[in-house]
Amino acid sequence: MTDLAALQENLGVSFSDPSRLRQALTHSSYANENPTSAPACNERLEFLGDVVLSLVISEKLYRDLPQATEGEMTKLRAALVKQDTLARLATTIKLGDYLYLGKGEEASGGRDKKANLASALEALIAAIFLDQSPATTQDFILRLFKEELKRAVSQGGVVNYKSQLQELLQARGQPTPVYYVVAASGPDHERRFSVEVRSGNTILGQGTGKSKKLAEAAAARSALEQFPT
């Protein structure tokens with residue numbers, strides 16, 4: 001069996017029961033070819049990992065995008081937990097190097113297949129959840145998804161409202177919206193910004209958020225709600 005010490009060091013997680021990690025990395029093809037010596041395949045762990053991952057990502061989006069609607073958060077979560085994203089993140093931690101694959105799967109390039117990588121990452125998340133604690137699992141997920149989450153927030157809950165407002169005002173021949181920070185409060189790690197958006201001298205809407213961008217998005221949304229549909 002592969003020495004998994006290097007993987008655990010790279011993950012920042014030391015398993016109390018390494019057999020859980022081995023199972024997370026075991027493809028069904030390997031389990032089928034080695035029925036007496038291999039651990040069970042990772043499919044059951046994958047099922048649990050999908051749920052745990054969705055919960056952590058959902059909570060993060062809920063807390064970081066207080067102005068986002070259910071539909072917007074659903075779209076962002078779907079983009080974050082889709083196969084392409086999971087496979088890309090699995091590659092960053094070199095998960096493919098540690099997969100247990102059957103001979104045929106190995107020969108067909110199974111270590112680089114998106115489906116295998118995504119499934120293994122979800123199974124890994126479940127293994128950490130079962131072996132460690134919910135807090136450790138959450139920390140691992142948020143570290144791994146840090147840049148993806150930043151990108152999703154900046155491209156999702158922030159850009160849309162501002163773009164929609166600008167397009168609406170342009171279509172009506174009104175001045176381009178301008179955003180002003182009117183208040184900021186709280187310590188550095190819990191700042192709250194209040195922003196108002198104006199078109200010319202007219203205040204169209206106000207909003208608050210943990211960052212200027214989120215507050216601007218909230219203000220733009222508030223402004224859009226003032227226009228008749």
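On a predicted model such as this, the values are computed, not experimentally measured, just so you know.
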How does the hydrophobic cluster around Ile203 look, that is, which other residues are in it when side-chain heavy atoms under 4.5 Å mark a link? none
Hey, could you give me each pair passing side-chain hydrogen bond (donor to acceptor under 3.5 Å, both in side chains) that has a residue in residues 39-57? Not counting sequence neighbours. Glu46-Ser119
Any side-chain hydrogen bond (donor to acceptor under 3.5 Å, both in side chains) pairs touching residues 6-17, not counting sequence neighbours? Asp17-Ser19
Does NZ or CZ of Arg198 lie under 6.0 Å from the centre of the six-membered ring of Tyr180, at an angle within 45° of the ring axis? yes
Does Lys162 make a cation-pi contact with Tyr179, if we ask for NZ or CZ under 6.0 Å from the ring centre and within 45° of the axis? yes
Applying side-chain hydrogen bond (donor to acceptor under 3.5 Å, both in side chains), name anything that partners Ser108, two or more places apart in sequence or on another chain. Lys113
For Asp84, side-chain hydrogen bond (donor to acceptor under 3.5 Å, both in side chains) partners two or more places apart: Lys114
Would you mind reporting whether [Y] and [X] have side-chain heavy atoms less than 4.5 Å apart?
X: Leu169; Y: Leu165; answer: yes
X: Leu25; Y: Leu4; answer: yes
X: Asp64; Y: Leu149; answer: no

Do [X] side-chain atoms and [Y] backbone N/O form a donor-acceptor pair below 3.5 Å?
X: Glu105; Y: His27; value: no
X: Arg20; Y: Phe129; value: no
X: Asp131; Y: Ala127; value: no
X: Thr74; Y: Glu70; value: yes
X: Ser29; Y: Gly102; value: yes
X: Arg111; Y: Gly96; value: yes

Calculate, to the nearest 0.5 Å, the distance between atoms [atom1] and [atom2] belonging to [X] and [Y] respectively.
X: Gln23; Y: Leu45; atom1: CD; atom2: CG; answer: 4.0 Å
X: Leu95; Y: Asn116; atom1: CG; atom2: CG; answer: 10.5 Å
X: Gln132; Y: Leu130; atom1: CD; atom2: CG; answer: 10.5 Å
X: Leu168; Y: Leu204; atom1: CG; atom2: CG; answer: 9.5 Å
X: Arg77; Y: Tyr62; atom1: CZ; atom2: OH; answer: 14.0 Å
X: Ile125; Y: Leu53; atom1: CD1; atom2: CG; answer: 4.5 Å

Ionic contact status for Arg151 with Glu148, cut-off 4.0 Å: yes
When you check the side-chain N and O atoms of Thr202 and Ser199, is any donor under 3.5 Å from an acceptor? no
side-chain contact (heavy atoms from CB on, under 4.5 Å) between Thr137 and Val56: does it pass, once the steps are laid out? CA-CA 9 Å; Thr137 310; Val56 172; 5.6 Å; no
side-chain contact (heavy atoms from CB on, under 4.5 Å) evaluation trace for Lys150 with Glu147: CA-CA 5 Å; Lys150 282 184 180 179; Glu147 295 305 318; 3.9 Å; yes
Apply side-chain contact (heavy atoms from CB on, under 4.5 Å) to the pair Leu76 and Leu65, showing each step before the final yes or no. CA-CA 11 Å; Leu76 288 174; Leu65 294 172; 3.4 Å; yes
Do Leu144 and Val51 sit in one hydrophobic cluster, given that two such residues count as connected whenever their side-chain heavy atoms are within less than 4.5 Å of each other, even indirectly? no
Same cluster or not: are Leu142 and Leu80 linked, directly or through other Ile, Leu, Val, Met, Phe, Trp or Tyr residues, by side-chain heavy atoms under 4.5 angstrom apart? yes
Looking at [X] and [Y], what are the two nearest heavy atoms and their distance?
X: Ala120; Y: Leu99; answer: CB-CD2, 3.6 Å
X: Tyr30; Y: Tyr100; answer: CB-O, 3.3 Å
X: Ala219; Y: Val197; answer: O-CG1, 3.6 Å

Salt bridge (Lys or Arg N to Asp or Glu O under 4.0 Å) partners of Glu59, counting only residues at least two apart: Arg63
From the list Thr91, Ile93, Ile141, side chain to side chain contact (heavy atoms under 4.5 Å, CB included) with Leu121 holds only for Ile93
Candidate pair Arg192 and Lys210, rule side-chain contact (heavy atoms from CB on, under 4.5 Å), full reasoning: CA-CA 5 Å; Arg192 296 291 298 181; Lys210 292 183 178 180; 3.5 Å; yes
